[in-house]
Number of protein chains: 4
Amino acid sequence: MDTGRNATAGVAEAQRRGRPRSEKARVAILEAAAELLLARGLSEVSMDAVAERAGVSKATIYRWWPTKETLALDALYSEWAAAAPSPRATGSLRGDLLSLLRPWARLAGSRPYGRVIAALITEAQTDPAFAQVYQSRFVEPRREQARGIFRRAAERGEIPPDTDIEVAIDMVYGPLYHRLLHGHAPLSERFVRAVVDTALGGLTGHGRNVQEN
Amino acid sequence: MDTGRNATAGVAEAQRRGRPRSEKARVAILEAAAELLLARGLSEVSMDAVAERAGVSKATIYRWWPTKETLALDALYSEWAAAAPSPRATGSLRGDLLSLLRPWARLAGSRPYGRVIAALITEAQTDPAFAQVYQSRFVEPRREQARGIFRRAAERGEIPPDTDIEVAIDMVYGPLYHRLLHGHAPLSERFVRAVVDTALGGLTGHGRNVQEN
Amino acid sequence: MDTGRNATAGVAEAQRRGRPRSEKARVAILEAAAELLLARGLSEVSMDAVAERAGVSKATIYRWWPTKETLALDALYSEWAAAAPSPRATGSLRGDLLSLLRPWARLAGSRPYGRVIAALITEAQTDPAFAQVYQSRFVEPRREQARGIFRRAAERGEIPPDTDIEVAIDMVYGPLYHRLLHGHAPLSERFVRAVVDTALGGLTGHGRNVQEN
Amino acid sequence: MDTGRNATAGVAEAQRRGRPRSEKARVAILEAAAELLLARGLSEVSMDAVAERAGVSKATIYRWWPTKETLALDALYSEWAAAAPSPRATGSLRGDLLSLLRPWARLAGSRPYGRVIAALITEAQTDPAFAQVYQSRFVEPRREQARGIFRRAAERGEIPPDTDIEVAIDMVYGPLYHRLLHGHAPLSERFVRAVVDTALGGLTGHGRNVQEN
DNA sequence: CGGTAATCGAGACGGTACGTCATGTCTTACA
DNA sequence: TGTAAGACATGACGTACCGTCTCGATTACCG
């Protein structure tokens, strides 16, 4: 799936005229981009380098991805989507959150994704069009999952019905992104548990969740 | 204060030989950089542009700042340090946190600082030397303030003595940075209060803090 | 008639199998090329542009013309051959030359052909195969006409029998091409007459031809 | 002397501020360009290739020469100006013309200059600004020399005083350029003599110059 | 009338050069 | 020694064109 042009093309669509897009080239570009991005970071990766490593011409890249950033987004997404499992419903808010956030943290910490994500966020600050794509591809899907989790918890009575769910989401994802981007401490499993427990029970301890998991 | 070379050290230092450094140039550079950074973002600002706007030669900039990023850091720091008031002790954890975070959020939201901070974080991902400077100049001072606040709260018995303070700091700063960088929702005063209250009392509501402020 | 491949050979040839060549496309390509060439010059005309204007695919052009230059040669030739009348025998060398050169000069000056011819000559300098085609299509026919004229003049005794006819041809065509390509002065009718008269009678005036025409 | 910017800079001019232009680079560029041009022709020479061979950056070339063509003009001019001797006055029109044209023909035939000159003429057809520079640098100086020769011949009575000198110049340079560019026959010494003699005496032979030289 | 074969349109592709721009260094003259 | 001016090597940018290619669609013939 491309960030750039009309890459939708339903299955049943009649074959379009002209030479069809080279699937080989598409995959080679995304893989080359992903490897280079993780090895060197967005700003150190040139389109020329991607083209060379993918065995592809620069024009072919620009035909499908308008900017380096959109290519990076797609490249990262390919890796990320392939690796991330869909969380299952555990019956408790704590369990649901852990099953959502643990794979995310494990994935985020497994390779230098933070560097690439930081670069994408930086680009989103300046380019509104890119920001829109970044939001809808990377951010919203995960927030939507979290919204469902919190909504179901409210229905079960685990959290008050007037809870501001947007704030709640920021309370759990915020600290994770914080460590991912600032790198002042590891994105460990322990940290995920601590974040979830603190978000649920609070620091003062009166509502502290005692489950062990 | 420069990120780069001889940071001039003490007042009483003997006058060095040769023409002294031009204070006018130093200020002009920092101001030009700050304005351009906030207007266009780090990646869109060139050293040539800073030099031209400051009425200064490029060589002069490079003599004192080794990279564009260090210059940006200093330029941002000048603005930020001038504006941020030092928080006062209120006697309660909630009060202390609000007096620490509210000015931060107000400042961060007042101009497009997020764009510059995101760029600095991005650079820190790749350049370890810069990361070190960024941490010690921007991150640690504020974490140290927060550590003091939590430590005093533990002494007062407001939070358990075994609280992991590093996690606690991430629980309040994380959500703020999250909104600053992702921009999916405003960094409002209301949000700061919600973050503090949730961090203290938790989402489940059993320990919910009922103070009104 | 194409510069490139199977130049169709004889009329009576048996119809070849497969879809026959589209005459419509052939004409459209030549016309599009001629218009673009005269408007912009060879180097400013791209095959893509010709294809688009002719409503034809690039592959169709390349199937029949190996290079842009050969296409330009054919396009120019179509225009040129259609416009140039065949000179008639006047009975005198001066009359024959004028009847040969005047139409040439009028045509050459009528539209920016100089620009295209210069480009073809340039290409011929580098590509020997093209040079051969250019000579045989554009240069030799006209030189052959001129040879006949001078030969008959020698038979009539108008010029010495040992006259070097190749030099004689260069003496009349050279100055015309000179103005066409350098453009320092107009290719006027007056100039054609002056060239012929000077070539015949010389600058010193002793043999000056006094006919008026 | 450059075609591009303000390369005049009189001798006595006060040293301009900033790093002075690198004479070494200037010469290396012109020499690299000249060698490549003569070896491959203008269209086959890329700026990248010139930069690489000269050991110079592309930006440096573009700083001083706006286009490839202006660079080629300067490169050719350097070679040409260094080689061409100034003709001397012989006392006769024939002698003067031979002393002007023989070195020109020898030089033009010595290396594949025709290919480069053809390309420059081609460019001049399309780019009026370049045409102006080409005329004033390459064409006019030589025409001015020729004008002097014919003017003095008229004063001596060798040619009629009402001779159209512009036509006369085209009569001798035209055939030479014709052979240089069309390449249908060699630019030999014999040819130069034949052109001069025919231009002076005419083909009809009544005014034929009988000097031998 | 169905099969074979060359043509055509569309347009993606690898490759190469373009001319521009930014980085960081260097070389002058002047302060 | 510091500074303004500005030339320099390096290298990436995004665009444009070239000539080739792979499709489906078309249009003749030939069996």
Side-chain angles (χ1 to χ4, degrees), chain A residues 14-22 24-26 43-52 54-64 66-68, chain B residues 15-22 24-25 43-49 51-52 54-68, chain C residues 14-22 24-25 43-49 51-52 54-68, chain D residues 14-22 24-26 43-49 51-52 54-64 66-68:
Chain A
Q15 169 71 30
R16 278 201 292 288
R17 312 238 316 191
R19 180 173 175 172
R21 176 172 185 185
S22 162
K24 213 177 81 183
R26 208 200 99 245
S43 69
E44 301 301 311
V45 172
S46 71
M47 290 299 239
D48 293 78
V50 174
E52 188 179 8
V56 140
S57 94
K58 248 196 312 177
T60 301
I61 303 181
Y62 280 108
R63 184 186 304 279
W64 301 107
T67 67
K68 189 164 67 167
Chain B
Q15 170 71 27
R16 278 200 294 289
R17 309 205 357 175
R19 178 172 174 174
R21 175 173 186 186
S22 160
K24 213 177 80 182
S43 70
E44 301 301 311
V45 173
S46 72
M47 291 299 242
D48 293 80
E52 187 178 9
V56 140
S57 98
K58 251 197 311 177
T60 302
I61 302 181
Y62 278 107
R63 180 181 302 280
W64 302 107
W65 291 274
T67 69
K68 185 164 71 166
Chain C
Q15 170 70 34
R16 277 198 296 289
R17 310 214 350 179
R19 177 175 176 173
R21 173 173 187 187
S22 161
K24 212 177 81 182
S43 70
E44 302 301 311
V45 172
S46 72
M47 290 302 242
D48 293 78
E52 187 179 10
V56 140
S57 97
K58 251 198 311 178
T60 302
I61 302 182
Y62 278 107
R63 180 180 303 279
W64 302 106
W65 290 274
T67 67
K68 186 164 69 165
Chain D
Q15 169 71 30
R16 277 201 293 288
R17 313 239 317 192
R19 180 173 175 173
R21 177 175 186 183
S22 161
K24 212 177 83 181
R26 208 199 101 244
S43 70
E44 302 301 311
V45 173
S46 70
M47 290 299 238
D48 293 78
E52 187 179 8
V56 140
S57 93
K58 244 196 316 177
T60 300
I61 302 182
Y62 279 107
R63 184 187 303 279
W64 302 107
T67 67
K68 188 164 67 166

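Proteins come first, then strands; the chains are lettered A, B, ... in the order of their sequence lines, and each starts at number 1.
- Position along DNA chain E of the nearest nucleotide to Ala54(A) versus Ala49(D) favours Ala54(A) as the more 5'-ward residue.
- In this structure, Tyr62(B) places its OH atom 18 Å from C1' of dG2(F), rounding to the nearest Å.
- Residue Ser57(A) places no side-chain N or O under 4.0 Å from the OP1 or OP2 atom of dG15(E).
- Of the candidates dC18(E), dC13(F), dA9(F), the closest approach to any side-chain atom of Asp48(D) belongs to dC18(E).
- Ala59(A) comes within contact range of at least one nucleobase, with a heavy-atom separation under 4.0 Å.
- If you check distances only, the side chain of Lys58(C) never reaches the base of dG11(E) with a donor-acceptor pair under 3.5 Å.
- Following rounding to the nearest Å, Ile61(C) (CD1) and dG11(E) (P) show an atom-to-atom distance of 15 Å.
- Look at CZ on Arg21(D): it is 11 Å from P on dA9(F), rounded to the nearest Å.
- The distance from atom CD of Glu52(C) to atom P of dG9(E) is 13 Å, rounded to the nearest whole Å.
- Atom-to-atom distance recorded for Ser43(A):OG and Lys68(A):NZ is 6.5 Å, nearest 0.5 angstrom.
- The 5' end of DNA chain F is approached more closely, in terms of each residue's nearest nucleotide, by Val45(A) than by the other of Glu44(C) and Val45(A).
- For dC8(F), the OP1/OP2 oxygens have a side-chain nitrogen or oxygen of Trp64(D) closer than 4.0 Å.
- At least one cation-pi condition fails for Arg26(D) and Trp64(D): the charged atom is not both under 6.0 angstrom from the six-membered ring centre and inside a 45 degree cone around its axis.
- Taking both residues in full, the closest heavy atoms of Ala25(D) and Val56(D) are given as CB-CG2, 3.9 Å, listed atom of the first, atom of the second, then distance.
- Among all heavy-atom pairs drawn from Ile61(C) and Met47(C), the shortest one is CG2-CE, 3.7 Å.
- Using a 4.0 Å heavy-atom criterion, one finds that Val50(A) contacts no nucleic acid atom at all.
- Between Ser22(A) and dT22(F), a side-chain N or O to OP1/OP2 separation shorter than 4.0 Å is absent.
- Here Lys68(C) lies in heavy-atom contact (under 4.0 Å) with sugar-phosphate atoms only.
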For nucleotides 25-27 of chain F, tabulate all protein N/O to nucleotide N/O atom pairs closer than 3.5 Å, reporting atom names and distance.
{"from": "dT26(F)", "atom 1": "O2", "to": "Arg19(C)", "atom 2": "NH1", "distance (Å)": "2.9"}

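- In this view, Ser57(A) and Thr60(A) satisfy the side-chain hydrogen bond (donor to acceptor under 3.5 Å, both in side chains) rule, not counting sequence neighbours.
- When each of dT3(F), dC18(E), dG9(E) is scored by its nearest atom to the side-chain atoms of Thr60(C), the top-ranked nucleotide is dG9(E).
- Lys58(D) meets the salt bridge (charged side-chain N to carboxylate O under 4.0 Å, His left out) test with Asp48(D); sequence neighbours excluded.
- Relative to the side chain of Arg63(C), the nucleotides dC8(E), dG19(E), dA9(F) differ in distance, and dC8(E) lies closest.
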